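None of these values were measured; they are calculated from a predicted model.
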Amino acid sequence: MESLEALVAHIQGLSGSPEELAHLHSLLKQADGEPLRAHAAALVPFLAHLSPETHSLGYLYLLEACATSSSNLSDFGGGDFLVTIGGFLTACSADQIRLAPDKFLNVCRVLKDQVMQLNMPIRGIAPLRAAVPKIQSSPEQLTPVHADYLLLCLLAKQYKAGLSVLEGDIFEVDQPKDLFLYCYYGGMIYVGLKKFPKALELLHNAVTAPMSSLNAIAVEAYKKYILVSLIVNGQVPPFPKYTSISAQRSMRNHAQIYAELSTSYSNGSKTDLETFIQSNSAAFQSDNNLGLVKQVLSSMYKRNIQRLTQTYLTLSLEDIARSVQLETPRDAEMHVLRMIEDGEIHASINQKDGMVSFHEDPEQYKSVEMVEHIDSSIHRLTALSKKLASIDQNMSCDTAYLMTGRDRGRFDYDDFDSVPHKYF
């Protein structure tokens, strides 16, 4: 291997045109591996002579050699080295780092692991957010960085920050594991924001994704899927026909107590549900699901009030409180007002006599706002339909896809060792 000084000189002189970068990449490949990692401690000072933006490819090779060497990161300055990694991910050139995507992903992974080890996940959020579009070949591609970014947002409780990678459409997935983690962490982000319909959508994708054997993320996603289904719909729908039969059986076996919770919920008795939750609170707590279970209990009031709207045109607050097992008419009034504000029921309250009148949906679907909303939805669905047709056509001609039935890899619990249990 050439001297480090000579290698840095090549990086400084060959980071311009595509032809120069191709030649530099060849030189870096020759120097890569153990020879470069053996000099890891000596590489850090040379990074100061390079620009993360201008010399991105060479900078990446040196940075990755340091980050993945056997040396302790504290040998490179500890927190200062994390600042160096964060600065690189933010400033680097997307065109250059895409020449060595595996190394870029290694650097992102090291940053994620280190900030988690330091119990400072918030330090990794901005760098990984900047890294996502740089490593994507298109805005529709799912990468391993997506899941790492969402995990840090969860750990730091920066739920709104997670929305930045959740609001686009994903059509390109290279690794099934990335999709599992993206759907699971994304679902948890929406749970944290109390956007339960969106959470349900992602958790549904996690538990129904094709799998040849059970994996840990699917089991834990299924437990939360049951809870969120009860909050959103008041029931847990059956698995779609395309879901693996063996996966369905295994997930049910591992989530038996949640199935029993669903049965208790469907009976409509708040007292019975409360008793069931109290008697199994230790199990829910060990799964870190007790808070969500309590929200299931709270949603029963809403569900029972909605049932009343299907039977009565008017009802007193006192009768509502008695029917849904609330303590006072005042509690009933607060629940009804909240449901009116959220658009979950259409009703009015006569404060004078304490009567609630239930109404039909007043939406006539002819306002300007509604017409624009419908038009926008039609255009989006049309675009999605065309995209899916294109993907289906490409897949039908893809040899690798046609061979998946024969060569598909299997997943087990070991595939998800890096997933903290507290976020299962």
Atom [atom1] in [X], atom [atom2] in [Y]: separation rounded to 0.5 Å?
X: I11; Y: S51; atom1: CD1; atom2: OG; answer: 12.0 Å
X: I217; Y: L179; atom1: CD1; atom2: CG; answer: 11.0 Å
X: N280; Y: E260; atom1: CG; atom2: CD; answer: 7.0 Å
X: L297; Y: F276; atom1: CG; atom2: CZ; answer: 12.5 Å
X: E64; Y: I97; atom1: CD; atom2: CD1; answer: 13.0 Å
X: M355; Y: N350; atom1: CE; atom2: CG; answer: 8.5 Å

What pairs meet the side chain to side chain donor-acceptor pair (under 3.5 Å) rule with one or both residues in residues 190-203, with sequence neighbours excluded?
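Listed by first then second residue: K194-Q295.
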If you count the non-hydrogen atoms of other residues, nucleotides and ligands that lie under 6.0 Å from [atom1] in [X], is the total more than 12?
X: H373; atom1: NE2; result: no
X: E53; atom1: CD; result: no
X: N119; atom1: CG; result: no
X: R380; atom1: CZ; result: no

Under 3.5 Å, is there a donor-acceptor pair between the side chain of [X] and the main chain of [Y]?
X: S376; Y: E372; value: no
X: T90; Y: G86; value: yes
X: Q96; Y: L21; value: no
X: R98; Y: S137; value: no
X: S385; Y: L381; value: no
X: S250; Y: A247; value: no
X: S15; Y: H55; value: no
X: N233; Y: Q235; value: no
X: Q158; Y: C153; value: no
X: D392; Y: L388; value: no

Heavy-atom side-chain proximity of [X] to [Y] below 4.5 angstrom:
X: S316; Y: V356; value: no
X: T84; Y: L47; value: yes
X: D331; Y: Y301; value: no
X: L152; Y: D148; value: no
X: S348; Y: H359; value: yes
X: L181; Y: L151; value: no
X: D178; Y: T143; value: no
X: H346; Y: E360; value: no

Per the ring-ring contact (aromatic ring centres under 6.0 Å, His included) rule, which among F81, Y59, Y61 passes with F88?
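Output: one option passes, namely Y59.
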List the steps, then state whether side chain to side chain contact (heavy atoms under 4.5 Å, CB included) holds for V207 with T243.
CA-CA 8 Å; V207 301; T243 309; over 6 Å; no
Is it true that [X] and [Y] make a salt bridge, defined as a side-chain N closer than 4.0 Å to a carboxylate O?
X: K224; Y: E220; result: no
X: R109; Y: D113; result: yes
X: E333; Y: R330; result: yes
X: K223; Y: D287; result: yes

For [X], enumerate each residue passing the side chain to side chain contact (heavy atoms under 4.5 Å, CB included) test, keeping only those at least two apart in sequence or located in another chain.
X: K294; result: L290
X: S138; result: E140, Q141, E172
X: L308; result: Y312, L315, I320, S323, V324

Does I231 form a side chain to side chain contact (heavy atoms under 4.5 Å, CB included) with L292? I'd like the steps, not just the answer.
CA-CA 9 Å; I231 292 173; L292 201 53; 4.0 Å; yes
So, for [X] and [Y], which heavy atoms are closest and what is the spacing to 0.1 Å?
X: V232; Y: R303; result: O-NH2, 3.4 Å
X: A156; Y: I125; result: CB-CD1, 3.9 Å
X: C108; Y: V145; result: SG-CG2, 4.1 Å
X: G186; Y: L202; result: C-CD1, 3.4 Å
X: A206; Y: F180; result: O-CE2, 3.4 Å
X: Y185; Y: A147; result: CD1-O, 3.4 Å

Pair I226-L261, side chain to side chain contact (heavy atoms under 4.5 Å, CB included): steps then yes or no:
CA-CA 9 Å; I226 290 176; L261 174 71; 5.6 Å; no
Run the side chain to side chain contact (heavy atoms under 4.5 Å, CB included) test on L36 and L62 for me, step by step, so that the C-alpha distance in whole Å, both residues' side-chain angles and the decisive distance to 0.1 Å come before the verdict.
CA-CA 8 Å; L36 197 58; L62 301 188; 4.2 Å; yes
Where do D32 and K103 land on the salt bridge (Lys or Arg N to Asp or Glu O under 4.0 Å) test, with the steps shown first?
CA-CA 11 Å; D32 190 32; K103 293 192 174 296; 2.8 Å; yes
Test ring pair (Phe, Tyr, Trp, His ring centres under 6.0 Å) applied to F284 - qualifying residues, sequence neighbours left out
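Residues passing ring pair (Phe, Tyr, Trp, His ring centres under 6.0 Å) with F284: Y258.
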Sequence neighbours excluded, which residues qualify as ring pair (Phe, Tyr, Trp, His ring centres under 6.0 Å) partners of Y222?
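Scan of Y222 (ring pair (Phe, Tyr, Trp, His ring centres under 6.0 Å), adjacent residues dropped) gives F239.
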